[in-house]
Asks: 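Attaching a single structure in C-alpha coordinates format; questions to follow.
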Amino acid sequence: MSWAQSVTQCIQSGGMLTSVEDLVESNFLIEHADLYTSKTSGFWIGIYRNVNGQLLWQDNSALDFVNWGEGQPSGDELDFCVELSAATGNWSVLPCSSEKGFICKKSKIHSFLFTFYLFTDAKKDKASGHLNTWILLTLVLIILLGVGFMIYFLFKMKTGSGTGREVRRGSRQLEYSRALTAGDNGSDATNDKEKNEHSIV
(Lines give C-alpha, C1' and ligand atoms only; values in the text may rest on other atoms or scores of the structure.)
Protein backbone atom coordinates (compact mmCIF):
# COMPACT_ATOMS: atom_id res chain seq x y z
CA MET A 1 0.00 0.00 0.00
CA SER A 2 1.04 3.58 -0.46
CA TRP A 3 1.85 5.73 2.56
CA ALA A 4 -1.52 7.56 2.38
CA GLN A 5 -3.43 4.25 2.12
CA SER A 6 -1.45 2.94 5.08
CA VAL A 7 -2.35 6.00 7.16
CA THR A 8 -6.04 5.47 6.34
CA GLN A 9 -5.86 1.76 7.16
CA CYS A 10 -4.24 2.43 10.54
CA ILE A 11 -6.81 5.08 11.44
CA GLN A 12 -9.64 2.69 10.50
CA SER A 13 -8.14 0.06 12.81
CA GLY A 14 -7.95 2.55 15.70
CA GLY A 15 -4.28 3.46 15.52
CA MET A 16 -1.72 5.50 13.59
CA LEU A 17 1.40 4.72 11.63
CA THR A 18 4.01 4.00 14.26
CA SER A 19 6.35 6.49 15.80
CA VAL A 20 9.69 5.28 17.14
CA GLU A 21 10.49 7.13 20.33
CA ASP A 22 13.67 5.44 21.56
CA LEU A 23 16.24 2.70 20.96
CA VAL A 24 14.20 0.08 22.86
CA GLU A 25 11.18 0.65 20.65
CA SER A 26 13.40 0.66 17.56
CA ASN A 27 14.99 -2.68 18.52
CA PHE A 28 11.57 -4.18 19.14
CA LEU A 29 10.38 -3.13 15.68
CA ILE A 30 13.60 -4.30 14.00
CA GLU A 31 13.33 -7.71 15.68
CA HIS A 32 9.76 -8.20 14.49
CA ALA A 33 10.23 -6.61 11.05
CA ASP A 34 13.05 -9.06 10.37
CA LEU A 35 10.50 -11.90 10.42
CA TYR A 36 8.88 -10.45 7.28
CA THR A 37 11.98 -9.91 5.09
CA SER A 38 10.86 -12.65 2.69
CA LYS A 39 7.52 -10.88 2.10
CA THR A 40 8.40 -7.18 1.96
CA SER A 41 11.49 -5.02 1.90
CA GLY A 42 10.12 -2.50 4.36
CA PHE A 43 7.28 -0.91 6.30
CA TRP A 44 5.88 2.59 6.30
CA ILE A 45 6.33 4.43 9.58
CA GLY A 46 4.60 7.62 10.67
CA ILE A 47 7.28 10.23 10.01
CA TYR A 48 6.67 12.90 7.39
CA ARG A 49 7.77 16.39 6.39
CA ASN A 50 5.16 19.13 6.76
CA VAL A 51 4.77 22.13 4.41
CA ASN A 52 7.24 24.12 6.53
CA GLY A 53 9.90 21.44 5.95
CA GLN A 54 9.71 20.15 9.52
CA LEU A 55 9.96 16.41 10.20
CA LEU A 56 7.07 15.23 12.39
CA TRP A 57 5.51 12.04 13.65
CA GLN A 58 1.94 11.44 12.58
CA ASP A 59 0.92 10.93 16.24
CA ASN A 60 2.60 14.24 17.25
CA SER A 61 5.25 12.60 19.46
CA ALA A 62 8.58 14.37 19.79
CA LEU A 63 11.17 13.54 17.12
CA ASP A 64 13.98 12.86 19.62
CA PHE A 65 15.20 9.57 18.15
CA VAL A 66 16.17 8.74 14.55
CA ASN A 67 17.60 5.66 12.88
CA TRP A 68 18.42 6.89 9.38
CA GLY A 69 20.31 4.65 6.99
CA GLU A 70 23.57 5.91 5.50
CA GLY A 71 23.05 9.04 3.35
CA GLN A 72 19.47 9.49 4.54
CA PRO A 73 17.40 11.60 4.44
CA SER A 74 18.35 12.77 1.01
CA GLY A 75 17.27 16.20 -0.17
CA ASP A 76 14.61 18.55 1.08
CA GLU A 77 11.71 17.12 -0.92
CA LEU A 78 8.35 17.85 0.59
CA ASP A 79 6.76 14.79 -0.97
CA PHE A 80 8.61 11.97 0.69
CA CYS A 81 7.73 9.30 3.18
CA VAL A 82 9.82 7.07 5.41
CA GLU A 83 10.12 3.30 5.47
CA LEU A 84 11.69 1.06 8.08
CA SER A 85 13.83 -1.56 6.32
CA ALA A 86 12.68 -5.08 7.16
CA ALA A 87 16.27 -6.35 6.84
CA THR A 88 18.27 -3.68 8.71
CA GLY A 89 15.76 -1.59 10.64
CA ASN A 90 17.24 1.60 9.20
CA TRP A 91 15.01 4.34 7.89
CA SER A 92 15.09 5.58 4.33
CA VAL A 93 13.21 8.09 2.20
CA LEU A 94 10.96 6.78 -0.57
CA PRO A 95 8.26 8.22 -2.82
CA CYS A 96 4.97 8.05 -0.90
CA SER A 97 3.32 6.10 -3.73
CA SER A 98 5.66 3.09 -3.24
CA GLU A 99 3.97 -0.17 -2.22
CA LYS A 100 5.08 -1.27 1.26
CA GLY A 101 3.76 -2.99 4.32
CA PHE A 102 3.09 -0.72 7.27
CA ILE A 103 3.20 -0.73 11.07
CA CYS A 104 0.32 0.65 13.09
CA LYS A 105 0.65 1.67 16.70
CA LYS A 106 -2.34 1.56 19.02
CA SER A 107 -1.98 3.12 22.44
CA LYS A 108 -2.86 1.06 25.49
CA ILE A 109 -3.03 2.18 29.10
CA HIS A 110 0.58 1.27 29.99
CA SER A 111 2.04 -0.09 26.77
CA PHE A 112 1.77 0.06 23.03
CA LEU A 113 0.45 -2.51 20.64
CA PHE A 114 2.22 -2.74 17.31
CA THR A 115 0.56 -4.37 14.37
CA PHE A 116 2.51 -5.32 11.28
CA TYR A 117 0.54 -5.30 8.06
CA LEU A 118 1.64 -6.82 4.80
CA PHE A 119 -0.12 -5.88 1.62
CA THR A 120 2.27 -7.30 -0.91
CA ASP A 121 -0.30 -9.33 -2.82
CA ALA A 122 -3.91 -8.29 -2.25
CA LYS A 123 -5.35 -11.21 -4.25
CA LYS A 124 -3.41 -13.72 -2.18
CA ASP A 125 -4.62 -12.03 1.03
CA LYS A 126 -8.25 -12.22 -0.15
CA ALA A 127 -7.88 -15.91 -1.11
CA SER A 128 -6.27 -16.63 2.24
CA GLY A 129 -9.12 -14.80 3.99
CA HIS A 130 -11.73 -16.88 2.16
CA LEU A 131 -9.86 -20.07 3.02
CA ASN A 132 -9.69 -19.06 6.69
CA THR A 133 -13.44 -18.35 6.66
CA TRP A 134 -14.21 -21.81 5.25
CA ILE A 135 -11.93 -23.48 7.79
CA LEU A 136 -13.62 -21.57 10.61
CA LEU A 137 -17.11 -22.48 9.37
CA THR A 138 -16.12 -26.15 9.06
CA LEU A 139 -14.78 -26.20 12.62
CA VAL A 140 -17.96 -24.57 13.95
CA LEU A 141 -20.07 -27.14 12.10
CA ILE A 142 -18.02 -30.05 13.51
CA ILE A 143 -18.33 -28.64 17.03
CA LEU A 144 -22.10 -28.20 16.66
CA LEU A 145 -22.47 -31.77 15.37
CA GLY A 146 -20.40 -33.08 18.30
CA VAL A 147 -22.55 -31.21 20.81
CA GLY A 148 -25.71 -32.48 19.09
CA PHE A 149 -24.53 -36.10 19.30
CA MET A 150 -23.60 -35.67 22.96
CA ILE A 151 -27.04 -34.29 23.80
CA TYR A 152 -28.72 -37.10 21.82
CA PHE A 153 -26.75 -39.86 23.58
CA LEU A 154 -27.22 -38.30 27.02
CA PHE A 155 -30.97 -38.13 26.37
CA LYS A 156 -31.00 -41.76 25.20
CA MET A 157 -29.04 -42.87 28.26
CA LYS A 158 -31.38 -40.98 30.57
CA THR A 159 -34.54 -42.36 28.98
CA GLY A 160 -32.96 -45.81 28.61
CA SER A 161 -31.96 -45.95 32.26
CA GLY A 162 -35.51 -44.90 33.26
CA THR A 163 -36.90 -47.86 31.30
CA GLY A 164 -34.36 -50.11 32.98
CA ARG A 165 -35.54 -48.95 36.38
CA GLU A 166 -39.14 -49.72 35.49
CA VAL A 167 -38.17 -53.19 34.24
CA ARG A 168 -36.17 -53.85 37.42
CA ARG A 169 -39.06 -52.58 39.57
CA GLY A 170 -41.51 -54.83 37.67
CA SER A 171 -39.26 -57.87 38.04
CA ARG A 172 -38.91 -57.20 41.80
CA GLN A 173 -42.70 -57.02 42.10
CA LEU A 174 -43.01 -60.28 40.17
CA GLU A 175 -40.48 -61.98 42.47
CA TYR A 176 -42.30 -60.60 45.52
CA SER A 177 -45.64 -61.84 44.29
CA ARG A 178 -44.09 -65.27 43.56
CA ALA A 179 -42.64 -65.32 47.04
CA LEU A 180 -46.04 -64.47 48.47
CA THR A 181 -47.67 -67.12 46.35
CA ALA A 182 -45.03 -69.65 47.36
CA GLY A 183 -45.54 -68.60 50.97
CA ASP A 184 -49.28 -69.14 50.60
CA ASN A 185 -48.68 -72.51 49.00
CA GLY A 186 -46.33 -73.43 51.84
CA SER A 187 -48.90 -72.48 54.47
CA ASP A 188 -51.55 -74.53 52.59
CA ALA A 189 -49.23 -77.52 52.66
CA THR A 190 -48.70 -77.01 56.37
CA ASN A 191 -52.44 -76.85 56.96
CA ASP A 192 -52.93 -80.04 54.91
CA LYS A 193 -50.21 -81.79 56.91
CA GLU A 194 -51.86 -80.73 60.16
CA LYS A 195 -55.22 -82.02 58.93
CA ASN A 196 -53.64 -85.29 57.98
CA GLU A 197 -52.02 -85.61 61.41
CA HIS A 198 -55.33 -84.89 63.14
CA SER A 199 -57.10 -87.39 61.12
CA ILE A 200 -54.51 -90.08 61.86
CA VAL A 201 -54.68 -89.60 65.56
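Both backbone and side-chain heavy atoms feed into the values below; hydrogens, waters and symmetry mates do not. Residue numbers start at 1 and run along the sequence shown.
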Asks: Group every Ile, Leu, Val, Met, Phe, Trp and Tyr by side-chain heavy-atom contacts under 4.5 Å, then state whether Ile142 and Val147 land in the same group.
Replies: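 In one cluster: no.
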Asks: Please list, chain by chain and in numerical order, all residues satisfying side chain to side chain contact (heavy atoms under 4.5 Å, CB included) with Ser85, sequence neighbours excluded.
Replies: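 For Ser85, the residues satisfying side chain to side chain contact (heavy atoms under 4.5 Å, CB included) (neighbours in sequence not counted) are Ala87, Thr88.
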Asks: Atom CD of Glu83 and atom CG of Asn90: how far apart are they, to the nearest 0.5 Å?
Replies: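 So the gap between those two atoms works out to 10.0 Å.
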Asks: If you measure from OG on Ser92 to CD on Glu70, what distance do you get to the nearest 0.5 Å?
Replies: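 Rounded to the nearest 0.5 Å, the OG-CD separation comes out at 12.5 Å.
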Asks: Heavy atoms only: give me the nearest Glu21-Ser61 pair and the separation to one decimal.
Replies: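 Taking every non-hydrogen atom into account, OE2-OG, 3.6 Å.
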Asks: What pairs of residues pass the salt bridge (charged side-chain N to carboxylate O under 4.0 Å, His left out) test when at least one of them lies in residues 3-15, not counting sequence neighbours?
Replies: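 For residues 3-15: none.
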Asks: Can you name the nearest heavy-atom pair linking Phe102 to Met1, along with the distance?
Replies: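 Minimum heavy-atom contact is CE2-SD, 3.7 Å.
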Asks: Between atom CG of Leu84 and atom CD1 of Ile30, what is the distance when rounded to the nearest 0.5 Å?
Replies: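 It is 6.5 Å, given to the nearest 0.5 Å.
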Asks: Closest approach of Ser19 and Asp59, non-hydrogen atoms and distance?
Replies: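 Scanning both residues, the minimum pair turns out to be OG-OD2, 2.8 Å.
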Asks: Report the C-alpha distance between Phe43 and Thr18 in whole Å, list the side-chain angles of each, state the deciding distance to 0.1 Å, and finish with yes or no for side-chain contact (heavy atoms from CB on, under 4.5 Å).
Replies: CA-CA 10 Å; Phe43 297 91; Thr18 191; over 6 Å; no
Asks: Could you check whether any side-chain heavy atom of Tyr48 comes within less than 4.5 Å of a side-chain heavy atom of Leu17, counting everything from C-beta outward?
Replies: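 Heavy-atom side-chain distance check fails, nothing below 4.5 Å.
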Asks: Could you measure the distance from the SG atom of Cys96 to the CH2 atom of Trp44? Nearest 0.5 Å is fine.
Replies: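 Atom-to-atom, Cys96:SG and Trp44:CH2 are 5.5 Å apart.
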Asks: Do Leu23 and Val20 share a hydrophobic cluster (ILVMFWY, side-chain heavy atoms under 4.5 Å, transitive)?
Replies: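 Yes, Leu23 connects to Val20 through the hydrophobic network.
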Asks: With a 4.5 Å limit on heavy-atom distance, are the side chains of Gln9 and Cys104 in contact?
Replies: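 Sidechains of Cys104 and Gln9: no contact.
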Asks: Check side chain to side chain contact (heavy atoms under 4.5 Å, CB included) between Leu63 and all other residues, then give those that pass, not counting sequence neighbours.
Replies: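 Only Ile47, Leu55, Trp57, Val66 meet the side chain to side chain contact (heavy atoms under 4.5 Å, CB included) criterion with Leu63.
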Asks: Are Val93 and Phe65 connected in the hydrophobic side-chain network, where two residues link if heavy atoms are under 4.5 Å apart?
Replies: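 The answer is yes; both residues are in one hydrophobic cluster.
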Asks: Between the main-chain N or O of Gln54 and the side-chain N or O of Asn52, is there a donor-acceptor pair closer than 3.5 Å?
Replies: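 Not confirmed, Asn52 side chain does not pair with Gln54 backbone.
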Asks: Determine the minimum heavy-atom distance between Ser26 and Asn67, stating which atoms define it.
Replies: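 Reported closest heavy-atom pair: OG-ND2, 3.6 Å.
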Asks: Ignoring hydrogens and geometry beyond distance, is a side-chain donor-acceptor pair present between Ser6 and Lys100 at under 3.5 Å?
Replies: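 No, because no side-chain N or O of Ser6 sits under 3.5 Å from a partner of the opposite role on Lys100.
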Asks: Using the rule given for side-chain contact (heavy atoms from CB on, under 4.5 Å), can you reason through Val7 versus Gln58, listing the C-alpha separation, both sets of side-chain angles and the distance that settles it, and then say yes or no?
Replies: CA-CA 9 Å; Val7 168; Gln58 182 195 6; 3.1 Å; yes
Asks: Answer yes or no: is there a side-chain heavy-atom contact under 4.5 Å between Trp3 and Val82?
Replies: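 Answer no - side chains too far apart.
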Asks: Do the ring planes of Phe28 and His32 sit parallel (below 30°), tilted (30 to 60°) or perpendicular (above 60°)?
Replies: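 Ring orientation, 0 to 90° scale: tilted.
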